[in-house]
Amino acid sequence: MPGWSEPLTGAVDEVAPRLLGATLTPAGGTVRLTEVEAYDGGNDPASHAYRGRTPRNTVMFGPAGFLYVYFSYGMHWCANVVCGEDGRASAVLLRAGKVLDGLDLARARRGDRVSDRGLARGPACLTQALGIGRDQDGLDLSGHLALTDPPNDVARGPRVGVSVAHDVPWRFWLPGEPTVSAYKRSPRAPAG
DNA sequence: CTTTTGATCGTCT
DNA sequence: GACGATCAAAAGC
């Protein structure tokens, strides 16, 4: 029995756009993914797996179809779908989505001042809206992630926030979606 | 809309 | 000890 996650086992830059349009329901509340970023395991200097396996990134080295969650900037959680072959440690960062279900739940977790389109706009906003945290690191996504038909229109460009590998256009999003986060280069990126 | 800046701490060197 | 795969508020257009 090939796992449900078989479509996640190709090259990560081909897998990432397949996640656009998918629905995710990890801990109450559902989001439709509108923006993702690919990280190519040990080959990618921007990847958390670039310098090998550590306690934090262990989940990345496991099979596809699991959630890799990490703590960022001392206050945020960010979530990835582990992709690629077992041991390759590729992953796709979930950058933004549109809340389809559990609007009240998402608003309660994010705060009343946030607009509907802003609820899951940005990787840390998305995890907060969905209730993703430490407990979801290593979560088996079967039953939580539903892939859809490939979107017919996908935009791509440089990744947000990374200070290396700017030439790699591995951010993918659904054009025209108001839930897609604004592009910001890393403050530490080389001037240009 | 844009730019700037402070918050805050786990992780790895 | 330095550095983030970030965010929100504040201030200027």
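In what follows, every heavy atom counts, from backbone to side chain, and hydrogens, waters and symmetry copies are set aside. A, B, ... follow the sequence lines: proteins, then strands. Residue 1 opens every chain.
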Colleague: Please name the pair of heavy atoms, one in A/Gly157 and one in A/Trp173, separated by the smallest distance, quoted to 0.1 Å.
Modeller: N-CZ3, 3.4 Å
Colleague: Quick check for you: among C/dA5, C/dA9, C/dC7, whose closest atom lies nearest to any side-chain atom of A/Ser47?
Modeller: C/dA5
Colleague: Tell me: NE2 of A/His76 to P of C/dA8, nearest whole Å?
Modeller: 7 Å
Colleague: From CZ of A/Arg51 over to P of C/dA2, roughly how many Å is that when rounded to an integer?
Modeller: 17 Å
Colleague: For A/Arg121 and C/dT6, give me the distance from atom CZ to atom P, rounded to whole Å.
Modeller: 14 Å
Colleague: Measure from the side-chain heavy atoms of A/His48 and tell me the nearest of C/dA5, B/dC12, B/dT8.
Modeller: C/dA5
Colleague: At 4.0 Å (heavy atoms only), tell me whether A/Arg95 reaches a base, stays on the sugar-phosphate, or touches nothing.
Modeller: sugar-phosphate
Colleague: Just name whichever nucleotide pairs with C/dA2, Watson-Crick or G-U, keeping both distances under 3.5 Å, else none.
Modeller: B/dT11
Colleague: Does A/Ala46 reach a base, just sugar-phosphate, or nothing at all? Heavy atoms under 4.0 Å.
Modeller: base
Colleague: Given C/dC7, C/dA5, C/dA9, identify the nucleotide with an atom nearest to the side chain of A/Arg113.
Modeller: C/dA9
Colleague: Return the value, rounded to whole Å, for the distance between atom CZ of A/Arg56 and atom P of B/dT11.
Modeller: 7 Å
Colleague: Looking at every non-hydrogen atom in both residues, tell me the closest pair between A/Leu94 and A/Leu24 and how far apart they are.
Modeller: CD1-CD2, 3.7 Å
Colleague: For A/Phe71 and C/dC7, what is the distance between atoms CZ and P respectively, to the nearest whole Å?
Modeller: 13 Å
Colleague: May I ask you to verify if any side-chain N or O of A/Thr54 is less than 4.0 angstrom from the OP1 or OP2 atom of B/dC12?
Modeller: yes
Colleague: Considering residues, nucleotides and ligands other than A/Arg156, do more than 12 of their heavy atoms fall under 6.0 Å from its CZ?
Modeller: yes
Colleague: Assess the pair A/Tyr70 and A/Trp77: is the distance between their ring centroids shorter than 6.0 Å?
Modeller: no
Colleague: When the distance from CD of A/Glu35 to C1' of C/dT6 is rounded to whole Å, what number comes out?
Modeller: 13 Å
Colleague: With a 3.5 Å distance limit and no angle check, can you tell me whether A/Arg95 reaches the backbone of A/Gly122 through a side-chain donor-acceptor pair?
Modeller: no
Colleague: When the distance from OH of A/Tyr183 to P of C/dT6 is rounded to whole Å, what number comes out?
Modeller: 11 Å
Colleague: For A/Tyr39 and C/dA5, do the ring centres fall under 5.5 Å apart while the planes stay under 30° apart?
Modeller: yes
Colleague: Check every strand shown and say whether A/Arg110 touches a base, only sugar-phosphate, or nothing at a heavy-atom separation below 4.0 Å.
Modeller: sugar-phosphate
Colleague: May A/Tyr73 be described as stacking on the base of B/dA7, applying a 5.5 Å centroid limit and a 30° limit on plane angle?
Modeller: no
Colleague: Once you round it to whole Å, what is the distance between C1' of C/dA5 and CG of A/Asn57?
Modeller: 13 Å
